[in-house]
A.B. asks: 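Before I ask anything, let me first share the structure, which is written out below as structure tokens.
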Amino acid sequence: RTVERILEDLAARHLLVYPFAGFFGRAANRPTQPQEQELYVRYTLARFGAYWNVLLNVSGPEPLLRTRPTMTRAEVNRLGTLIASLDVYSHPLSAHNRTGDDEFMGEPWPTYTILQGPKTVDLDRLGDTLLACHHPARPLYAQETLWSGNQHGHPDYSDTELRKNAYVIAMSAAALNFSDNGGPHIEDIGNSSSGFSGTLDPGDRRQWRHDIVTRVWDFFETIPFYSMHARQDLVSAGRCLAREGVRYLVYLPCGGAVDVAVQGGPYQATWINAQHTTDRRPATPAGHCRRWVAPADGDDWLLYLAR
């Protein structure tokens, strides 16, 4: 009942709930016999299935962790298939991957991907890995991919690196779970449960770090990004989202030139300053109609072409 009150409160605020441990959590007191597992799944779905704002997760964190696995791949697949067959509400369903690629991409039961990583400031590696793990028919949840200040393999992201990572993740058609796990001081290190800044007290948060990522999200709310697809094949540099023949968005982390293989037209072309997205300037092609050169000032830029 306590959980249901929380879910109702969050639903009223249009907030989604992602159960990090899932049905069969690593440290949970959970049934191990198949008959008891089915009863447990049926009961849990009966209590929580009617909530629209609940994602489903078979197990976490990392049931297939190399050093301390809690399940075999066959067990995860069996339980995933069971949950999918019993969930008449068709909630999104996945399992928490260990750091690396999606280990369940070829399985029929997941409906979204939970990806941990890559934990990097190398933007090419970040974008390429996300796209390589992006099932063509499933949403991608970049869950432990940008957790600044976290002790488990994350680099010490600067404010600029936070912004650029957030852009590349969004340009890779991934939903981001951002977390700032460092303490009130920039040198502090936190664990995966220090949800704000080293503690669970919102008063300890480093608000400006959250604001950096929020500004990126707010920009994407100004365009119909949900109708676009990641299309690296259409650009010579940067990251690209496109709805071919309608609109193209290109992110250039360090400015410079880009060739865009557009179809049709004409297009209204705009340069958008990625640091301050209200700074928008008319764009004209350089040299020929498909080459564009970002303004010389600023740092990272977005090129938006709308038919």
Side-chain angles (χ1 to χ4, degrees), residues 101-102 105 112-113 115 117-118 120-142 145-146 161 163-176 215-277 279-307:
D101 296 341
D102 178 15
M105 182 177 286
Y112 74 106
T113 297
L115 200 63
T120 182
V121 295
D122 182 332
L123 298 178
D124 287 334
R125 179 181 169 228
L126 174 64
D128 292 347
T129 303
L130 290 175
L131 291 182
C133 292
H134 207 314
H135 189 287
R138 298 171 185 169
L140 176 60
Y141 183 35
T145 302
L146 189 56
E161 288 165 342
R163 180 183 74 250
K164 293 185 176 184
N165 273 41
Y167 271 115
V168 169
I169 290 168
M171 294 295 296
S172 302
L176 171 63
R215 283 194 291 270
V216 175
W217 290 344
D218 286 347
F219 163 73
F220 280 91
E221 289 295 329
T222 68
I223 63 172
F225 70 94
Y226 43 81
S227 67
M228 305 166 77
H229 299 271
R231 292 294 305 272
Q232 290 304 107
D233 59 310
L234 299 180
V235 293
S236 61
R239 318 303 301 186
C240 177
L241 287 174
R243 182 178 177 186
E244 274 198 283
V246 179
R247 59 178 50 87
Y248 303 80
L249 179 69
V250 183
Y251 176 61
L252 299 174
C254 298
V258 60
D259 294 333
V260 186
V262 298
Q263 288 188 3
Y267 291 88
Q268 181 180 19
T270 307
W271 283 112
I272 303 170
N273 188 336
Q275 297 182 76
H276 310 286
T277 56
D279 177 9
R280 303 189 176 205
R281 311 177 192 182
T284 54
H288 61 85
C289 63
R290 294 186 174 186
R291 168 156 291 191
W292 309 81
V293 180
D297 59 328
D299 184 5
D300 43 341
W301 287 88
L302 295 144
L303 174 65
Y304 188 43
L305 307 174
R307 188 168 180 174

A.B. asks: Return the set of residues passing side-chain contact (heavy atoms from CB on, under 4.5 Å) with Arg215 (not counting sequence neighbours), or none when no residue passes.
C.D. replies: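 Arg215 satisfies side-chain contact (heavy atoms from CB on, under 4.5 Å) with Asp211, Ile212 once adjacent residues are dropped.
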A.B. asks: Let me confirm one number: the CG-CG distance from Leu176 to Leu146, rounded to the nearest 0.5 Å.
C.D. replies: 5.5 Å
A.B. asks: Of all heavy-atom pairs between Arg239 and Leu123, which one has the smallest distance, and what is that distance?
C.D. replies: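 Closest pair (atom of Arg239, atom of Leu123, distance): NH1-O, 4.4 Å.
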A.B. asks: Please name the pair of heavy atoms, one in Leu140 and one in Ala173, separated by the smallest distance, quoted to 0.1 Å.
C.D. replies: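 Minimum heavy-atom contact is CB-O, 4.3 Å.
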A.B. asks: Cut-off 3.5 Å, no hydrogens considered: what does the side-chain donor-acceptor table look like for residues 296-307, sequence neighbours left out?
C.D. replies:
from   : atom 1 : to     : atom 2 : distance (Å)
Asp297 : OD1    : Arg281 : NH1    : 3.0
Asp297 : OD2    : Arg281 : NH1    : 3.3
Asp297 : OD2    : Arg281 : NH2    : 2.8
Asp299 : OD1    : Lys164 : NZ     : 3.3
Asp299 : OD2    : Lys164 : NZ     : 3.1
Asp300 : OD1    : Arg163 : NE     : 3.4
Asp300 : OD1    : Arg163 : NH2    : 2.9
Asp300 : OD2    : Arg163 : NE     : 3.1
Asp300 : OD2    : Tyr251 : OH     : 2.6
Trp301 : NE1    : Asp297 : O      : 2.9
Tyr304 : OH     : Arg247 : NE     : 3.1
Arg307 : NH1    : Gly245 : O      : 3.1

A.B. asks: Which residues pass the ring-ring contact (aromatic ring centres under 6.0 Å, His included) test with Tyr267, sequence neighbours left out?
C.D. replies: Tyr248
A.B. asks: Considering all heavy atoms of both residues, which atom of Asp101 and which atom of Leu115 are nearest to each other, and what is their separation?
C.D. replies: C-CD1, 4.0 Å
A.B. asks: Closest approach of Gly238 and Pro253, non-hydrogen atoms and distance?
C.D. replies: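 Taking every non-hydrogen atom into account, CA-CD, 4.3 Å.
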A.B. asks: Give the minimum heavy-atom separation between Ala283 and Trp271, together with the two atoms involved.
C.D. replies: CB-CD1, 3.2 Å
A.B. asks: What is the distance from atom CZ of Phe219 to atom CD of Glu221, rounded to the nearest 0.5 Å?
C.D. replies: 11.0 Å
A.B. asks: How would you list all residue pairs meeting side-chain hydrogen bond (donor to acceptor under 3.5 Å, both in side chains) that involve residues 131-141, not counting sequence neighbours?
C.D. replies: Tyr141-Asn177
A.B. asks: Which heavy-atom pair separates Ala170 from Leu241 by the least distance, and what is that distance?
C.D. replies: O-CD1, 4.0 Å
A.B. asks: With sequence neighbours left out, write down each residue that passes side-chain hydrogen bond (donor to acceptor under 3.5 Å, both in side chains) with Thr113, or none if nothing qualifies.
C.D. replies: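 Asp102.
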A.B. asks: In terms of heavy-atom contacts, does CD of Gln275 have more than 12 from other residues, nucleotides or ligands at under 6.0 Å?
C.D. replies: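 Yes, CD of Gln275 has more than 12 neighbouring heavy atoms, counting only those of other groups under 6.0 Å.
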A.B. asks: Just verifying a value: how many Å separate Arg243 CZ and Phe225 CZ, rounded to the nearest 0.5 Å?
C.D. replies: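 Going from the CZ atom of Arg243 to the CZ atom of Phe225 covers 14.5 Å.
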A.B. asks: Just jot down the side-chain contact (heavy atoms from CB on, under 4.5 Å) partners of Ala261, sequence neighbours excluded, or say none.
C.D. replies: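 If we apply the side-chain contact (heavy atoms from CB on, under 4.5 Å) test to Ala261, skipping adjacent residues, the hits are Leu234, Arg290.
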